[in-house]
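What follows is a short report on a single structure.
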Amino acid sequence: MSLEGKVALVTGGSGGLGRVHGLVLAEHGADVALVYNRNEAKAAEVAREIEEKGRKALAVKMDLSSEESIMQGVKRVESELGGVDILVNNAAAGIVRAITITDMSKEDWDADVAVNLTAPFLLIKAVFPGMAERGWGRIINVSSVTGTMGGFGQCSYAATKAGLIGLTKTVALEGARKNITCNAVVLGVFDAGSFYDVAEPFRERIIKRVAMRRSGDPRELSEVIAFLASEEASFVTGEAIEVSGGISLFTF
Ligand SMILES: NC(=O)c1ccc[n+]([C@@H]2O[C@H](COP(=O)([O-])OP(=O)(O)OC[C@H]3O[C@@H](n4cnc5c(N)ncnc54)[C@H](OP(=O)(O)O)[C@@H]3O)[C@@H](O)[C@H]2O)c1
């Protein structure tokens, strides 16, 4: 499985899981743009790690709640690395907000929708024509079992993660005859990033619901993303693939 010659753009490249997605895509041969908003130092560190593996890397600032910032960032990636062949919509906001619907403000709702759903839409819109022109493209949207199962106190996050699945299936249909695939990965819990924002006793309770009784190693997810980004996954499109160790299975 080789991604040599491909340019990947990973949003949330400064985050816990985005870092590993960037590294694994580079290990398979891709050059990688890592999108950050606040954490420039982390994105720059991941870019250095990728360069040490012999691939090109670029840390790019984009405020995903701003269309202008997204468009400027994509232009920078295209001019410094080349057209985007692989888009991984991984960044998210409001992951552990824990506010029930009656207390949730419209401002917070709008902020989460902007980053989690509108930004993937804008990014897909920005890279889709280039992919169509080159006759090859891979789009991977990072969803969550909170989107398919719901989550107490997580109305905006759950709604955006469910929305990504509808977006995925529609883009898959529109890209199918242009050799652009679009799939979603539906995450359980992983040993990185936002899962560590959850208080310890709750983490334990969540893990008890996982059929495998453990959280995932980030690489167990990144390799699935790399597969979906590869030529080998050429006939897989419109899928929402749960990567969760069986968190949604009936277990007791
Ligand atoms: N970790 C888990 O167990 C788990 C479980 C289910 C789903 N997920 C999903 O996996 C993905 C990655 O999660 P994670 O755990 O790695 O989270 P994380 O470490 O908290 O990272 C979140 C990322 O999103 C970026 N981001 C947030 N707001 C942004 C904005 N306005 N503009 C640009 N970037 C923005 C952050 O960038 P800066 O820090 O640079 O601002 C950061 O890189 C998310 O889609 C999440 O929903 C994770």
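Note that these values count all heavy atoms, side chains included, but never hydrogens, waters or copies made by symmetry. Both ligands and their constituent atoms are indexed starting at 1 by order of listing.
- Applying the salt bridge (Lys or Arg N to Asp or Glu O under 4.0 Å) test to residues at least two apart or on different chains, the pairs with a partner in residues 89-107 are R97-D108, R97-D112, K106-D110.
- Judged by the 6.0 Å and 45° rule, K178 forms no cation-pi pair with W136.
- With hydrogens and angles left out, the side-chain atoms of S69 and D63 include no donor and acceptor closer than 3.5 Å.
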With the criterion set at N/O pairs under 3.5 Å, what does the list of contacts between the protein and ligand 1 look like, atom names and distances included?
from, atom 1, to, atom 2, distance (Å)
ligand 1, 1 (N), A192, O, 3.1
ligand 1, 1 (N), S194, OG, 3.4
ligand 1, 3 (O), F190, N, 2.8
ligand 1, 15 (O), S194, N, 2.8
ligand 1, 15 (O), S194, OG, 2.7
ligand 1, 16 (O), G16, N, 3.4
ligand 1, 16 (O), L17, N, 2.8
ligand 1, 19 (O), G16, N, 2.9
ligand 1, 24 (O), A92, N, 3.4
ligand 1, 31 (N), D63, OD1, 3.2
ligand 1, 32 (N), M62, O, 3.4
ligand 1, 32 (N), L64, N, 2.9
ligand 1, 37 (O), S14, OG, 3.2
ligand 1, 40 (O), S14, OG, 2.7
ligand 1, 40 (O), N37, N, 2.9
ligand 1, 40 (O), R38, N, 3.1
ligand 1, 40 (O), N39, N, 2.9
ligand 1, 41 (O), R38, N, 2.8
ligand 1, 43 (O), G12, O, 3.4
ligand 1, 43 (O), S14, OG, 2.8
ligand 1, 43 (O), G15, N, 3.0
ligand 1, 45 (O), N90, O, 2.7
ligand 1, 45 (O), K161, NZ, 2.8
ligand 1, 47 (O), Y157, OH, 2.5
ligand 1, 47 (O), K161, NZ, 3.1

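- Shown here are the side-chain hydrogen bond (donor to acceptor under 3.5 Å, both in side chains) partners of S143, two or more places apart in sequence or in another chain: there are none.
- Remark: R214 engages E220 in a salt bridge (Lys or Arg N to Asp or Glu O under 4.0 Å) (not counting sequence neighbours).
- Salt-bridge formation is not detected for the pair E40/K61: no Lys NZ or Arg NE/NH1/NH2 atom is positioned less than 4.0 Å from an Asp or Glu carboxylate oxygen.
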